[in-house]
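Some notes on the structure that comes next.
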Amino acid sequence: MTQITDIQAFRKDLTNAVLCWLATVDASGAPNVSPKEMFSWDGNQQIIIADIASARSVENILQQNKVCLSFIDVFRQRGFKITGSAQIIPAGSPNFAAIGHDVLARIKGEFRVQNLIVVTIESVSRVLAPSYFTFPERNEAEHIRQTLESYSVNRLLYGK
């Protein structure tokens, strides 16, 4: 099991991520990648994901529990990749509410959560956009400014 060495960076990127991407494989090895909107970190070694519409992911995990998960802070263009093993906690399980406390609080009853997907972290690695290597002299504020400009965020938000 790998320890997360930069807890502050991990927490910041996870908090700022809008989606995470969960990769699974079925029994024959066919891959599946699925976006997950509601997720949280237990502050230790587990990422908790709400199964809102994840039938394929759940089915795959029940066959093969090795997974890969990634999340990116889209404006800072940095995040983390996690590999680990996953387990499914059905909504009717006695420990469902306790395990899912943080992610269920974020949902505020807006979605029906069928299961929790609990990913136990085995390894963590940093993910950086290529611009971090191409323009190493840029600081974080410059990366954010360039991202906002490249994706026309100010025009979309403010008509500018």
Side-chain angles (χ1 to χ4, degrees), residues 1-133 143-144 147 150-151 153 156:
M1 180 176 355
T2 299
Q3 292 294 326
I4 299 167
T5 56
D6 191 344
I7 300 284
Q8 302 298 51
F10 189 86
R11 180 176 285 118
K12 183 175 184 176
D13 289 355
L14 184 74
T15 300
N16 291 336
V18 177
L19 296 172
C20 68
W21 297 89
L22 179 65
T24 61
V25 295
D26 67 16
S28 71
N32 180 65
V33 176
S34 177
K36 306 299 178 208
E37 184 176 3
M38 296 294 174
F39 53 95
S40 64
W41 175 45
D42 74 351
N44 190 18
Q45 288 298 122
Q46 294 184 321
I47 303 291
I48 316 305
I49 303 167
D51 165 15
I52 297 167
S54 304
R56 174 75 42 111
S57 296
V58 168
E59 183 179 317
N60 286 353
I61 289 166
L62 291 172
Q63 296 174 44
Q64 168 53 264
N65 73 340
K66 294 296 183 189
V67 299
C68 182
L69 176 79
S70 67
F71 58 88
I72 303 290
D73 174 338
V74 294
F75 295 114
R76 291 172 54 240
Q77 295 196 324
R78 57 190 307 151
F80 287 89
K81 178 181 101 171
I82 297 162
T83 60
S85 57
Q87 65 176 339
I88 306 301
I89 309 295
S93 295
N95 54 355
F96 180 84
I99 292 171
H101 179 267
D102 291 343
V103 74
L104 295 170
R106 286 188 59 216
I107 291 172
K108 301 176 188 169
E110 293 182 16
F111 300 105
R112 181 174 166 265
V113 179
Q114 301 173 67
N115 302 287
L116 296 172
I117 301 169
V118 179
V119 176
T120 299
I121 299 169
E122 294 173 6
S123 71
V124 176
S125 57
R126 173 55 95 179
V127 175
L128 296 171
S131 62
Y132 279 86
F133 306 105
H143 280 283
I144 292 170
T147 301
S150 293
Y151 294 102
V153 173
L156 293 170

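The structure presented is a predicted model; accordingly, all values stated were derived computationally and were not measured.
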request  = Please step through side-chain contact (heavy atoms from CB on, under 4.5 Å) for the pair I49 and V103, ending with a clear verdict.
outcome  = CA-CA 7 Å; I49 303 167; V103 74; over 6 Å; no
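- Counting only residues at least two apart or on different chains, the side chain to side chain donor-acceptor pair (under 3.5 Å) pairs with a member in residues 96-117 are D51-N115.
- Atom CG of L14 sits about 11.5 Å away from atom CD1 of I7, to the nearest 0.5 Å.
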Got a list of side-chain donor-acceptor pairs under 3.5 Å for residues 23-35, not counting sequence neighbours?
residue : atom : partner : partner atom : Å
T24     : OG1  : N60     : ND2          : 2.9
D26     : OD1  : S28     : N            : 2.9
D26     : OD1  : S28     : OG           : 2.8
D26     : OD1  : G29     : N            : 3.0
D26     : OD1  : A30     : N            : 2.9
S34     : OG   : K36     : NZ           : 2.8

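- From I48, atom CD1 reaches atom CD1 of I89 across 8.5 Å, with rounding to the nearest 0.5 Å.
- Put simply, the side chain of F96 reaches to within 4.5 Å of the side chain of L104, judged on heavy atoms.
- Checked against side-chain hydrogen bond (donor to acceptor under 3.5 Å, both in side chains), E37 has no partners two or more places apart in sequence or in another chain.
- Rounding to the nearest 0.5 Å gives a distance of 4.0 Å between CD of Q46 and OG1 of T120.
- Rounding to the nearest 0.5 Å places CH2 of W21 at 15.0 Å from CZ of F71.
- Rounding to the nearest 0.5 angstrom, the gap separating the CG atom in L69 from the SG atom in C20 is 4.5 Å.
- For the side chain to side chain donor-acceptor pair (under 3.5 Å) condition, the pairs that include at least one residue of residues 73-93, sequence neighbours left out, are D13-R76, N16-D73, D73-R76, R76-E140, T83-S123, S85-E122.
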request  = Let me see the working for L22 and I61 under side-chain contact (heavy atoms from CB on, under 4.5 Å), right down to the final yes or no.
outcome  = CA-CA 11 Å; L22 179 65; I61 289 166; 4.2 Å; yes
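- Atom CD1 in I121 sits 4.5 Å away from atom CZ in F10 (nearest 0.5 Å).
- With sequence neighbours excluded, no residue satisfies side-chain hydrogen bond (donor to acceptor under 3.5 Å, both in side chains) with R56.
- Remark: F111 pairs with no residue by the ring-ring contact (aromatic ring centres under 6.0 Å, His included) rule, at least two apart or across chains.
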